[in-house]
Amino acid sequence: MAEPKETPLMEKIVSLCKRRGFIFQSSEIYGGINGFWDYGPLGAELKRNVKELWWRSMTQQREDVVGLEASIVMHPKIWEASGHTSTFSDPMVDCLGCRKRFRADQIEARSGTAYSYVGAFDEKLWSQAAIAGITGGTEPSADFLSQLTDDVTRHNFAKQLLSSSEPEIRAIGKDLEQQTISKYQCDIPFAVLLPSGKAADSARKIAKQYYRQRSVANPVPRDERSEEVKNSTHYCNECGSLLTPPKQFNLMFKTYVGPVEDPESVAYLRPETAQAIFAQFKTVLEVSRQKIPFGIAQIGKAFRNEINPRNFTFRSREFEQMELEFFIRPDEVVETICGKVANAADIWKENIEPRTSNAEHPTSGSQPSTLNPQPQPDWGWEAWHKYWIEQRIRWYESIGLPRASLEEYWQKKDELAHYARATVDILYKFPFGTQELEGIAARGDFDLSQHQRFSGKPMGVFDDELKAAWARLEEAKTKELGQRYHDARLKYLAQMGVAAEESSKQAREDADCLARGNYIPHVIEPSAGVDRLILALICHAYCEDQAPDEKGHPETRVVMRFHPRIAPIKVAVFPLLKNKPDLVNKAKEVRDLLRPHLTVFYDEAGALGRRYRRQDEAGTPFGLTIDFETLGEKGPELKDTVTLRDRDSMKQERVKIGDLVPLLLEKVR
RNA sequence: GCGGGUGUAGCUCAAUGGUAGAGUUCCAGCCUUCCAAGCUGGCUAUGCGGGUUCAAUCCCCGCCACCCGCUCCA
């Protein structure tokens with residue numbers, strides 16, 4: 001092709017992002033800062049559009065979801081209740097030998113013979129250095145002196161510095177001496193644990209290997225000691241080498257509330273937006289006049305000190321989330337009220353069937369995703385979970401990520417977090433791998449229960465339908481349902497480490513509450529990463545196609561095929577020529593006509609084709625050209641009409657200026 | 001965090017232990033009647049900090065950032 005070597009796709013996308021102003025590295029003039037990114041003019045518009053569409057579809061266009069915009073810094077107890085303080089903060093140890101990293105609490109205790117060394121010297125260099133007097137030898141040989149003059153000089157100078165009365169000078173001397181000697185030896189202690197009875201030789205072998213990694217070419221480990229150890233957690237489970245002391249790994253972004261940095265004022269930037277929703281659940285319920293089932297949505301920044309930010313903006317330390325917490329009745333409550341819980345599989349099977357028959361009549365042209373069952377009172381958590389997965393995929397389709405470009409991944413039982421009943425990840429195939437855009441989790445009543453326990457404030461809701469229905473049930477049925485609810489509560493409390501006696505008392509109380517119409521709602525959580533989605537949209541939109549140049553030769557054209565709904569700029573306005581004031585004035589008139597309704601970009605610089613191409617890279621779906629016909633030079637029937645050029649097909653049509661606003665609005669909505 | 005690689009203009013790529021060059025983009029002007037045309041002029045770079053040297057973008061060290069692999073990812 002035109003390019004002699006193929007630049008990897010992701011590189012081209014990153015380059016375009018920077019070139020056109022979608023995404024820049026943060027703090028670039030200072031060398032950048034790892035894990036942080038800025039959105040440029042086009043990126044800011046794109047992101048704003050995406051967030052607005054999410055917000056509109058999740059809250060404004062629904063009866064049963066309301067919004068929340070909570071603070072980023074919250075009471076630190078929130079993160080104790082949510083489990084982030086403990087799970088986000090792990091002591092980690094590194095293995096000196098195999099360099100693997102482990103969680104300190106997952107190291108198994110081992111017994112055996114530990115061989116330890118205080119360091120190693122280089123067999124060859126050391127003997128030479130000893131002769132030269134650097135490492136304590138006494139008989140410098142002229143031959144080696146000539147090779148080692150520099151080191152000898154440095155060493156002697158260091159000794160002089162070390163005898164100074166100034167501590168700063170002594171420090172420099174110590175440094176220098178260390179530098180000089182470090183060529184000949186390594187002072188880092190090392191140890192390895194072997195099963196009792198195994199030959200010391202293999203310990204030496206491992207130690208040598210270790211010191212070789214530390215750039216001692218011919219290491220002789222020094223001062224070997226052996227000792228029987230029992231149940232020690234200081235040695236690597238895989239290779240037996242000594243582990244480093246535990247280092248605290250904390251993924252939470254710490255800060256201080258108030259100007260004084262004392263331990264009582266420690267707080268964290270939120271690592272997810274969801275917890276604020278749980279914490280405000282009761283307040284929102286009261287003021288919004290909603291009833292279960294209903295949801296609370298939030299868009300906002302979150303912060304995690306990721307160990308290793310990677311893949312452009314995909315894993316950043318500061319990122320934005322769009323989260324919904326949708327609160328539902330526990331299945332026992334649904335069953336009490338409706339007499340049954342609808343089977344999720346059946347609901348979707350019924351809705352799929354008509355679609356299958358449609359396939360036999362291709363003329364019907366039905367979309368593959370027309371199935372869209374509406375929520376029913378007898379839905380339990382499985383149906384709601386499936387419902388939200390479907391809603392979310394449909395939304396992705398609506399902004400230009402077709403279902404086929406996404407992957408639904410149902411987490412396996414053993415991958416599920418302890419609080420989750422089911423989690424589905426929606427994945428997108430990025431150039432760097434298939435990665436998660438959104439997770440839709442069925443979280444049971446874990447979060448609200450935690451906040452109830454930690455805050456001491458009741459998180460239960462009263463449901464008069466439940467109370468009335470409960471009263472009508474036969475005793476055997478209430479017993480069965482009560483028992484199921486009780487068991488679930490007991491299981492949760494036990495899992496959280498609540499003492500057995502306390503747990504069983506509490507679970508009994510909770511079950512009694514159920515009979516009075518009171519329960520803790522369960523929750524379905526669709527949680528999407530905005531920045532990941534933006535990246536997916538950019539990757540998906542990026543396209544190189546062939547466009548003819550002036551002479552009709554095909555030429556590679558880079559075009560961002562954004563869905564018009566999300567395109568940063570909706571329409572570009574061009575006067576055909578910029579040195580004709582009439583054209584320019586008319587074009588500016590058109591620009592001003594459209595500006596109140598759409599994002600418009602006016603451009604008069606350069607050849608028209610060039611201006612089209614610039615907009616192709618920005619992903620602008622429509623271009624308007626004002627020419628002499630617009631001015632009426634070719635007759636009155638073409639007066640006040642403009643050329644409307646379509647980005648993807650590059651086709652042009654003639655449109656009346658008066659029709660532009662409704663026509664374009666229709667296309668971008 | 002570990003290992004490897006990279007770092008020159010907005011982008012793509014040169015060159016050199018002694019004045020950093022091209023194409024393209026961008027800006028201005030002229031010209032131009034619908035897909036990166038032409039002409040003229042212009043802006044813009046050795047990631048940061050040390051060291052060696054008379055002199056460092058180049059050699060050495062440290063840092064930072066990016067890429068790849070491992071690791072990590074509630």
Side-chain angles (χ1 to χ4, degrees), chain A residues 3-5 7-8 10-12 14-16 18-21 24-36 40 79 82-90 92-96 98-103 179 213 244 247 249-252 271-272 274-275 302 304-312 314-315 416-420 432 435-436 439 441 546-559 574-580 583 605-617 623-631 633-634 642-647 650-652 654:
Chain A
E3 280 162 302
K5 63 170 182 186
T7 315
M10 199 56 210
E11 255 173 62
K12 290 197 222 172
V14 172
S15 165
L16 181 129
K18 192 178 172 190
R19 181 156 38 93
R20 285 293 167 196
F24 306 124
Q25 182 162 26
S26 167
S27 320
E28 204 180 2
I29 60 168
Y30 291 101
I33 175 164
N34 189 294
F36 298 88
W79 309 114
S82 70
H84 285 86
T85 312
S86 53
T87 55
F88 256 35
S89 168
D90 292 321
M92 306 286 280
V93 293
D94 293 303
C95 172
L96 292 176
C98 59
R99 302 200 158 183
K100 288 204 172 121
R101 171 168 292 160
F102 306 94
R103 272 174 54 180
Q179 277 175 32
Q213 283 174 358
T244 58
K247 237 188 290 178
F249 265 61
N250 196 342
L251 267 43
M252 299 278 276
E272 63 170 35
Q275 293 306 322
R304 295 177 194 184
N305 252 325
E306 293 289 352
I307 294 172
N308 191 1
R310 267 297 167 86
N311 292 328
F312 201 28
F314 185 82
R315 177 167 293 129
L416 287 174
H418 62 88
Y419 49 74
F432 48 80
Q435 299 274 359
E436 181 188 343
Q546 300 290 309
D549 67 6
E550 213 191 16
K551 293 166 196 127
H553 299 307
E555 200 174 62
T556 303
R557 172 180 82 131
V558 172
V559 50
F574 315 119
L576 184 58
L577 300 172
K578 81 165 165 178
N579 60 354
K580 298 282 187 288
L583 286 177
L608 188 61
R610 176 185 294 272
R611 286 178 265 165
Y612 282 148
R613 294 300 173 83
R614 279 199 278 247
Q615 293 306 314
D616 288 341
E617 282 203 341
L624 295 175
T625 302
I626 284 71
D627 57 19
F628 293 98
E629 291 160 34
T630 315
L631 302 176
E633 287 193 3
K634 291 256 174 79
V642 295
T643 303
L644 172 65
R645 181 253 194 188
D646 178 81
R647 173 196 65 201
M650 295 190 284
K651 292 222 173 78
Q652 307 187 342
R654 205 70 198 174

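By convention in this document, chain letters (A, B, ...) are assigned in the order of the sequence lines, proteins followed by strands, and residues within each chain are numbered from 1.
The nearest heavy atom of RNA chain B to A:E306 and to A:V642 marks one nucleotide each, and the one closer to the 5' end goes with A:V642. Residue A:A605 is the one, among A:F36 and A:A605, whose nearest nucleotide of RNA chain B lies closer to the 5' end (criterion: closest heavy atom).
With both ends at atom P, the span from B:rU33 to B:rA15 equals 43 Å, rounded to whole Å. Of the P atoms belonging to B:rG49 and B:rA36, the separation is 44 Å, rounded to the nearest Å. Comparing B:rG42 with B:rA22, their P atoms are spaced 12 Å from each other, to the whole Å. Separation of the P atoms belonging to B:rU40 and B:rC34 is 23 Å when rounded to the nearest angstrom. Going from the C1' atom of B:rC63 to that of B:rG7 covers 14 Å, rounded to whole Å. When the P atom is used for both B:rC58 and B:rU16, the distance is 14 Å, rounded to whole Å. When the P atom is used for both B:rA20 and B:rU46, the distance is 11 Å, rounded to whole Å. A distance of about 16 Å separates the P atoms of B:rC60 and B:rG18, rounded to the whole Å.
Closest to the side chain of A:R645, from the set B:rC35, B:rC31, B:rC66, is B:rC35. Distance from the side chain of A:L576 is smallest for B:rU33 among the nucleotides B:rA36, B:rC31, B:rU33. The side chain of A:L577 has B:rU33 as its nearest neighbour among B:rG29, B:rC34, B:rU33. Distances from the side chain of A:E633 to the nucleotides B:rC34, B:rA37, B:rU33 place B:rU33 closest.
Under the rule for a salt bridge (charged side-chain N to carboxylate O under 4.0 Å, His left out), the partners of A:D616 that lie at least two apart in sequence or sit in another chain are A:R557, A:R645. For the side chain to side chain donor-acceptor pair (under 3.5 Å) test, residues two or more places apart in sequence or in another chain that qualify with A:E28 are A:K18. In this structure, A:R310 has no salt bridge (charged side-chain N to carboxylate O under 4.0 Å, His left out) partners at least two apart in sequence or on a different chain. The side chain to side chain donor-acceptor pair (under 3.5 Å) test applied to A:R611 returns no partner, not counting sequence neighbours. Residues that satisfy the salt bridge (charged side-chain N to carboxylate O under 4.0 Å, His left out) test with A:K578, not counting sequence neighbours, are absent from this structure. Judged as a side chain to side chain donor-acceptor pair (under 3.5 Å), and not counting sequence neighbours, the contacts of A:E272 are A:Q275. Residues that satisfy the salt bridge (charged side-chain N to carboxylate O under 4.0 Å, His left out) test with A:K634, not counting sequence neighbours, are A:E629. For A:A605, the side chain to side chain contact (heavy atoms under 4.5 Å, CB included) criterion is met by A:D603, A:R614, not counting sequence neighbours. Residues passing the side chain to side chain contact (heavy atoms under 4.5 Å, CB included) test with A:F312, sequence neighbours excluded: A:M10, A:V14, A:C17, A:I23, A:W37, A:L535.
Phosphate contact (OP1/OP2 of B:rC34, side-chain N/O of A:R611, threshold under 4.0 Å): absent. An OP1 or OP2 oxygen of B:rC30 is reached within less than 4.0 angstrom by no side-chain nitrogen or oxygen of A:K578. Distances shown here put every side-chain N or O of A:R614 at or beyond 4.0 Å from the OP1 or OP2 atom of B:rC35. For A:Q25 and B:rA65, the shortest distance from a side-chain N or O to OP1 or OP2 is not below 4.0 Å. Taking only side-chain nitrogens and oxygens, A:N34 never comes nearer than 4.0 Å to OP1 or OP2 of B:rC64.
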Using atom names, set out every protein N or O paired with an N or O of nucleotides 69-71 of chain B below 3.5 Å, distance rounded to 0.1 Å.
unit_1, atom_1, unit_2, atom_2, d
B:rG69, O6, A:R310, NH2, 3.1
B:rC70, N4, A:N308, ND2, 3.1

Just the atom pairs and distances: protein N or O near nucleotides 7-11 of chain B's N or O, under 3.5 Å.
unit_1, atom_1, unit_2, atom_2, d
B:rC11, OP1, A:K18, NZ, 3.0

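Distance A:D646 CG to B:rC35 C1': 13 Å, rounded to the nearest Å. Between the OH atom of A:Y612 and the C1' atom of B:rC35 there is a distance of 7 Å, rounded to whole Å. Distance A:Q546 CD to B:rC35 C1': 14 Å, rounded to the nearest Å. In this structure, CD of A:Q652 is placed 7 Å from P of B:rC35, rounded to the nearest angstrom. To the nearest angstrom, C1' of B:rA36 lies 12 Å from CE of A:M650. When rounded to the nearest whole Å, the span between CD1 of A:I33 and C1' of B:rA65 equals 11 Å. Remark: P of B:rU6 and CD of A:E11 are 14 Å apart, rounded to the nearest angstrom. In this structure, the CZ atom of A:R647 is 19 Å from the C1' atom of B:rC34, given to the nearest Å.
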Legend entry - Reading 5' to 3' through nucleotides 45-50 of chain B, protein heavy-atom contacts under 4.0 Å coded B for base, S for sugar-phosphate only, - for none: ------

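Shortest non-hydrogen contact noted between A:L583 and A:P575 is O-CB, 3.8 Å. Contact detail for A:T643 and A:R654: the closest heavy-atom pair is OG1-NH1, 3.0 Å. Considering all non-hydrogen atoms of both residues, A:T625 and A:V642 come closest at O-CB, 3.5 Å.
The backbone N or O of A:F314 lies less than 3.5 Å from no partner atom in the side chain of A:N311, so there is not a single donor-acceptor pair. Under a 3.5 Å cut-off, the side chain of A:T85 and the backbone N or O of A:W79 do form a donor-acceptor pair.
Across all strands shown, nothing is found opposite B:rU57 as a Watson-Crick or G-U wobble partner with both distances under 3.5 Å. Base pairing of B:rC70 is made with B:rG1, judged by Watson-Crick or G-U wobble geometry with both donor-acceptor distances under 3.5 Å. Pair assignment for B:rC43 gives none, since no Watson-Crick or G-U wobble pairing has each distance under 3.5 Å. Judged by Watson-Crick or G-U wobble contacts below 3.5 Å, the nucleotide B:rC11 has B:rG23 as its partner. Nucleotide B:rA65: paired with B:rU6 (Watson-Crick or G-U wobble, both distances less than 3.5 Å). Pair assignment for B:rG17: none, as no Watson-Crick or G-U wobble contacts are both less than 3.5 Å.
By the 4.5 Å heavy-atom criterion applied to side chains, A:Q546 and A:T556 are counted as neighbours.
At a threshold of 4.0 angstrom between heavy atoms, the contacts of A:D616 with the nucleic acid are absent.
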